[in-house]
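Some notes on the structure that comes next.
Residue numbers begin at 1 in each chain, while the letters A, B, ... track the order of the sequences. Just so we're clear, the structure is a prediction, and the values are computed from it rather than from any experiment.
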Amino acid sequence: MTGKQYVRPVQSNWWLQKRSYTLFMVRELTSAFIAGYSIFLIVMVYWASQGNEPFTRFCDGLKSPLSILLHLLVLAAALYHSITWFNLTPKIMAFWRGEEKVSDGAIQGANFVLWLLASAVVAGIVFAVARG
Amino acid sequence: MADTISLDVFRYRPDQEDEPQFQRYEVPFRKDWVVLDALNHIKDEIDGTLSYRWSCRMGVCGSCGMMVNGEPKLTCSAFLKDYYPNPIKVEPLANFPVLRDLIINLDDFIQKLGEVKAWLLPKDPKPISEGEYLQTPAQLAQYKQYTLCINCMLCYAACPVYGLEPDFIGPAAIALAHRYNLDSRDGGFQQRAEAIFSHEGIWECTFVGECSRVCPKHVDPAGAIQQEKVASTLDFYRSLVPWGKK
């Protein structure tokens with residue numbers, strides 16, 4: 001189709017114009033916190049490889065109020081990201097029992113249970129290593 | 001009680017103006033009227049120059065989609081009483097070029113529908129004389145939800161990715177391709193793969209999820225796109241192993 005037509009520009013603040021868009025952007029932003037913390041863990045592994053004394057100094061530095069605050073902030077971001085993501089899993093995973101689709105709640109529940117189990121296993125390993 | 005409600009209607013007359021403007025109309029407020037009834041009242045009684053599309057008036061044809069107070073809606077199911085007493089802002093569906101007033105240009109979608117081959121490509125083609133392709137109720141159930149799409153374009157209007165990246169194939173076209181990929185009679189998965197699995201296809205989607213929220217038929221295009229992402233990933237891994245490909 002030819003002829004004159006009007007194209008409406010998308011405004012740069014489009015993500016502030018609707019609550020659902022803003023919540024989506026918050027979910028995307030939480031990825032930055034998780035990426036940042038992954039880099040922090042790599043740095044931590046580096047210091048762990050430098051011997052006992054440098055690693056102890058590094059860990060002592062993490063006990064500052066600012067460090068604790070940052071950790072809590074990353075924890076909140078990771079929880080928001082994980083929970084909102086697991087809530088979306090029924091859209092991604094379609095399972096059928098004959099003509100009946102497995103309910104959204106069952107898929108969400110299974111994912112949350114697996115997440116908690118995996119987290120418990122990781123926490124168990126970390127505590128076991130920490131105790132030597 | 002002669003109650004009325006105001007409609008601020010987007011007007012764009014390409015032969016008269018370069019920029020659109022809003023025009024306010026006062027229409028009778030009736031509890032059983034939808035926005036489309038109000039537009040029809042304007043067209044019939046106030047201003048015959050107003051242009052818009054509509055047909056069935058019962059949420060089946062998918063032609064009366066517009067932005068109602070910033071939300072993509074079928075105007076035949078958007079009741080005035082849900083907005084009363086505030087004025088209602090009526091605009092053409094977002095993210096599409098406007099041809100005139102509330103009429104958008106759908107050419108882009110029609111072209112994309114062709115690119116994804118949203119039709120049955122039989123797995124084992126046979127002449128009509130050999131009869132129909134049979135299917136069990138369980139096989140039908142797998143894709144039936146995606147057959148309900150009425151091409152109303154509300155999902156495209158809700159999708160910020162399509163607004164920012166017009167090359168994105170978009171929710172409805174991918175959902176319709178997904179419908180055929182899930183069909184037990186179909187063998188066109190690889191033929192659709194080039195378009196659907198391209199950067200402009202499923203991987204452009206960032207899973208905002210608004211397409212599914214606004215869909216008047218609960219087709220869930222966001223789910224279809226994510227499921228195609230899984231299918232694409234599995235197809236990639238299958239291509240790596242000698243026994244994975246037919």
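Taking a cutoff of 4.0 Å between a charged side-chain nitrogen and a carboxylate oxygen, Arg57(A) and Asp60(A) do not qualify as a salt bridge. Salt bridge status for Asp101(B) with Arg11(B): present, with a side-chain N to carboxylate O gap under 4.0 Å. A salt bridge links Asp108(B) to Lys112(B): one of the charged nitrogens lies within less than 4.0 Å of a carboxylate oxygen.
By number of non-hydrogen pairs under 4.5 angstrom with chain A, the leading residue of Ala94(B), Pro160(B), Gly209(B), Gly163(B) is Pro160(B). When each of Glu228(B), Lys229(B), Gln226(B), Glu210(B) is checked for heavy-atom pairs under 4.5 Å with chain A, Glu210(B) comes out on top.
Aromatic ring pairs are classed by plane angle as parallel below 30°, tilted from 30° to 60° and perpendicular above 60°; the pair Phe40(A) and His71(A) is perpendicular. Between Phe207(B) and Trp85(A), the ring planes are perpendicular. Angles over 60° get that label, and only those under 30° would be called parallel.
Contact of Ile225(B) with chain A is not made at all, since no heavy-atom distance falls under 4.5 Å. Contact of Arg97(A) with chain B is not made at all, since no heavy-atom distance falls under 4.5 Å. Only the side chain of Arg213(B) comes within less than 4.5 Å of a heavy atom of chain A; its backbone N, CA, C and O stay farther away. Neither the backbone nor the side chain of Gln111(B) comes within contact range of chain A; no heavy atoms are under 4.5 Å apart. For Ser212(B), the part sitting under 4.5 Å from any heavy atom of chain A is the side chain, from C-beta outward, and nothing else. Contacts between Tyr6(A) and chain B at a heavy-atom distance below 4.5 Å involve backbone atoms as well as side-chain atoms. Contact annotation for Val230(B): only side-chain heavy atoms (C-beta onward) come within less than 4.5 Å of a heavy atom of chain A. Of the atoms belonging to Gln227(B), heavy atoms from both backbone and side chain fall under 4.5 Å from chain A. Residue Asp15(B) does not touch chain A at all, counting heavy-atom pairs closer than 4.5 Å.
No side-chain N or O of Gln142(B) forms a donor-acceptor pair with one of Asp183(B) less than 3.5 Å apart.
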Exercise. Applying side chain to side chain donor-acceptor pair (under 3.5 Å), run through Arg13(B) and Ser51(B) and close with a yes or a no.
Key: CA-CA 9 Å; Arg13(B) 288 145 294 195; Ser51(B) 301; over 6 Å; no

